[in-house]
Amino acid sequence: MIGLIDCNNFYASCERVFNPKLEGRPVGILSNNDGCVIARSNEIKPLVPMGMPAYQIPPHIRKEVTLLSSNYELYGDMSRRVFDTVREHTSDLEIYSIDEAFIHLLGFDNTVEYCKRLRSIVKRDTGIPVSIGLSSTKTLAKIANHVAKKNPELEGICWLHAGEPRLEALLKQLPVGEVWGIGYKIAQRLEALGIKTAWQLRQSNLKRIRQHFSVVLERTVLELQGTPCIELDDMNTPKQNIMTSRSFGKITSNFYDLSEAIRAHSSKGAEKLRSQQSVARALMVFLKTNRFRNDLLQYNPSKLAQLPYPTNDTRVIVKTAHEALCSIFREDYLYHKAGVMMLDLIDKDVEQFDFFHAAQDTKEQIKSDRLMSTIDSINKKMGKNTIIIGGRTVNATWSLKRDFLSRRYTTRWNELLSVKL
DNA sequence: TGGGCTCTT
DNA sequence: AAGAGCC
């Protein structure tokens, strides 16, 4: 049996752990640059739709709600705490996202009781409320989780047996677009074919689905029928691409703003490569103007650049990215976003023995590795950006807008929660 | 009016 | 490369 543990309103719940005044209040968390609402407490859900740009919230509602900038350092650490706690009580944990994990359980009689206990332990030890959906496949466990959240009398746990009559009734009133893996586009196309509910999808002809759509949807149908066929990557599976990008707090046409942003992004990309023991053979630098500003000229260039040899050396990557930037920069535009993608990644150890790519002098390679791992370990110990390559302006004009940021209560000594006695 | 990833066609 | 998905 598969269980899906999902943290309730995760970002809002994290904020509430350290600021109990937010309990019972409508709380929304904003995307980077305080752009749009990406997470909501239950109380704000009827007032502000998911994804609404903050500036579009009507003033009379804005007055009533608390909006916070996203504090990923806090959410990331709270996520780790939640799943460390879960891991103490289950053997098989597959983390799926910052706030969700699948667990594999034997279907013993008191599974529901067991999950209730787990849920209260997580709440006690981390302050985060979770719900658990149980069923025979991941897709059905997702639906069970949804049911658990919507029906408070279930106390956060819902077990859906693949064969039970209740399941049919439930799937019949579940719009097809709410099934995991079915987004807006596919839902539209399914509805055009007369498939409007999860039940109709479950009963539909596999061959027909395969013909009209893809194996992905075929697997979803099988999962709805109770046949598990969706495998997730292990958390340690190295990424195939690594992207680092940000939109700017303010649009800019200043080359030095852009070159600083690209330096920071490519440097971060190199760090990410090293953390998964990969090297890149190529990278791509891109710039974007603000597509919502019809009054401004649009320009969205990108430049693919080969690295001189497969590498994760910050110095080489920053230099290559800078040259790519120079080749696409035009000064007559106002840029809104810049980023760097690491491409064509291979495992570092494979690369070292790869005759065709052994293009770099071995001594230089060893020196580079030692320098990079020294930088990484100092940054790990002393805080990120303790050592950086090249300069960096604090509060650069391109940096993020985060006007409503809470403290990083769990990861910074100088931002700990203070209590007055 | 986000950022970062995967998969399939 | 484009287009779909997820959170």
Side-chain angles (χ1 to χ4, degrees), chain A residues 4-12 28-40 48-57 67-72 75-76 79 94-102 138-139 142 145-146 176-190 209-220 223 229-235 237-249 251 261 264-265 268-269 272-273 275-276 278 284 286 288-294 296 300 302 304 336-343 345 399-402:
Chain A
L4 172 62
I5 304 194
D6 190 317
C7 302
N8 301 349
N9 315 320
F10 183 54
Y11 297 174
I29 313 298
L30 300 169
S31 62
N32 275 345
N33 277 317
D34 295 338
C36 41
V37 178
I38 53 162
R40 301 170 301 160
V48 180
M50 188 66 167
M52 179 180 255
Y55 75 93
Q56 280 178 12
I57 299 173
L67 297 182
L68 298 169
S69 305
S70 34
N71 185 345
Y72 282 104
Y75 311 151
S79 170
E94 246 182 313
I95 295 177
Y96 173 63
S97 73
I98 194 163
D99 71 335
E100 281 173 87
F102 291 100
K138 294 190 170 78
T139 305
K142 274 261 185 186
N145 193 282
H146 188 71
V176 77
E178 294 195 16
V179 176
W180 188 40
I182 301 181
Y184 177 77
K185 294 279 186 178
I186 303 281
Q188 297 285 302
R189 285 170 58 200
L190 281 169
I209 293 295
R210 184 75 175 85
Q211 261 171 15
H212 281 80
F213 300 92
S214 64
V215 287
V216 183
L217 194 61
E218 190 181 11
R219 287 201 276 257
T220 297
E223 288 244 329
C229 51
I230 296 181
E231 297 293 332
L232 298 177
D233 278 342
D234 182 71
M235 251 222 318
T237 311
K239 304 290 179 230
Q240 298 175 17
N241 299 296
I242 290 174
M243 177 156 78
T244 312
S245 73
R246 279 304 172 271
S247 42
F248 304 142
I251 48 177
H265 294 332
K268 183 75 191 171
K272 290 183 186 174
L273 284 173
S275 74
Q276 62 167 40
S278 294
M284 192 182 78
F286 66 86
K288 285 183 192 293
T289 48
N290 188 340
R291 67 195 161 105
F292 296 102
R293 292 288 298 270
N294 297 324
L296 298 177
N300 301 298
S302 68
L304 179 71
H336 154 261
K337 185 173 183 174
V340 179
M341 266 185 101
M342 300 298 150
L343 303 168
L345 310 192
S399 67
L400 279 183
K401 195 175 123 190
R402 297 203 284 184

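Predicted model, so just to flag it, every value in this text is computed and none were measured. Chain letters run A, B, ... following the sequence lines, proteins first and then strands; every chain starts at 1.
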Contacts of type salt bridge (Lys or Arg N to Asp or Glu O under 4.0 Å), residue [X], not counting sequence neighbours:
X         : value
Arg291(A) : none
Asp6(A)   : Lys149(A)
Lys268(A) : Glu271(A)
Arg189(A) : none

Completion exercise
For Ile209(A) and Glu218(A) the tightest heavy-atom approach is CG2-N, 3.9 Å
Exercise for the section: In whole angstrom, give me the gap between the P atoms of dC7(C) and dT1(B). Expected result: 24 Å
Problem - Bounds of contact between DNA chain B and chain A, in 5' to 3' order, using a heavy-atom cut-off under 4.0 Å - result: dT1(B) to dT9(B)
Handout entry: DNA chain B: 5'-proximal contact among Arg246(A) and Asn290(A) (nearest heavy atom)
Key = Asn290(A)
Practice task
Select from Asp233(A) and His336(A) the residue whose nearest nucleotide in DNA chain B is closer to the 5' end of that strand.
Solution key: His336(A)
Handout entry: Side-chain (Asn290(A)) to main-chain (Ile251(A)) donor-acceptor, under 3.5 angstrom
Key = no
What does [X] touch in the nucleic acid at a heavy-atom separation under 4.0 angstrom: a base, only the sugar-phosphate, or nothing?
X         : answer
Gln56(A)  : nothing
His265(A) : nothing
Thr244(A) : sugar-phosphate
Arg402(A) : nothing
Ile242(A) : sugar-phosphate
Ile186(A) : sugar-phosphate
Asp99(A)  : sugar-phosphate
Tyr55(A)  : base
Lys401(A) : nothing

Practice task
Would you jot down, in residue-number order, the residues of residues 212-219 of chain A having a non-hydrogen atom under 4.0 Å from DNA chain B?
Solution key: Ser214(A), Val215(A), Val216(A), Arg219(A)
By side chain to side chain donor-acceptor pair (under 3.5 Å), which residues pair with [X], not counting sequence neighbours?
X         : answer
Asn32(A)  : none
Thr220(A) : none
Gln276(A) : Ser278(A)
Ser79(A)  : none

Practice task
Measure the spacing between NZ of Lys142(A) and CZ of Phe102(A) and express it to the nearest 0.5 Å.
Solution key: 5.5 Å
Handout entry: Covered region of DNA chain C, 5' end to 3' end, by chain A [heavy atoms, under 4.0 Å]
Key = dA4(C) to dC7(C)
Problem - Residues that Phe213(A) engages under ring-ring contact (aromatic ring centres under 6.0 Å, His included), provided they are two or more places apart - result: none
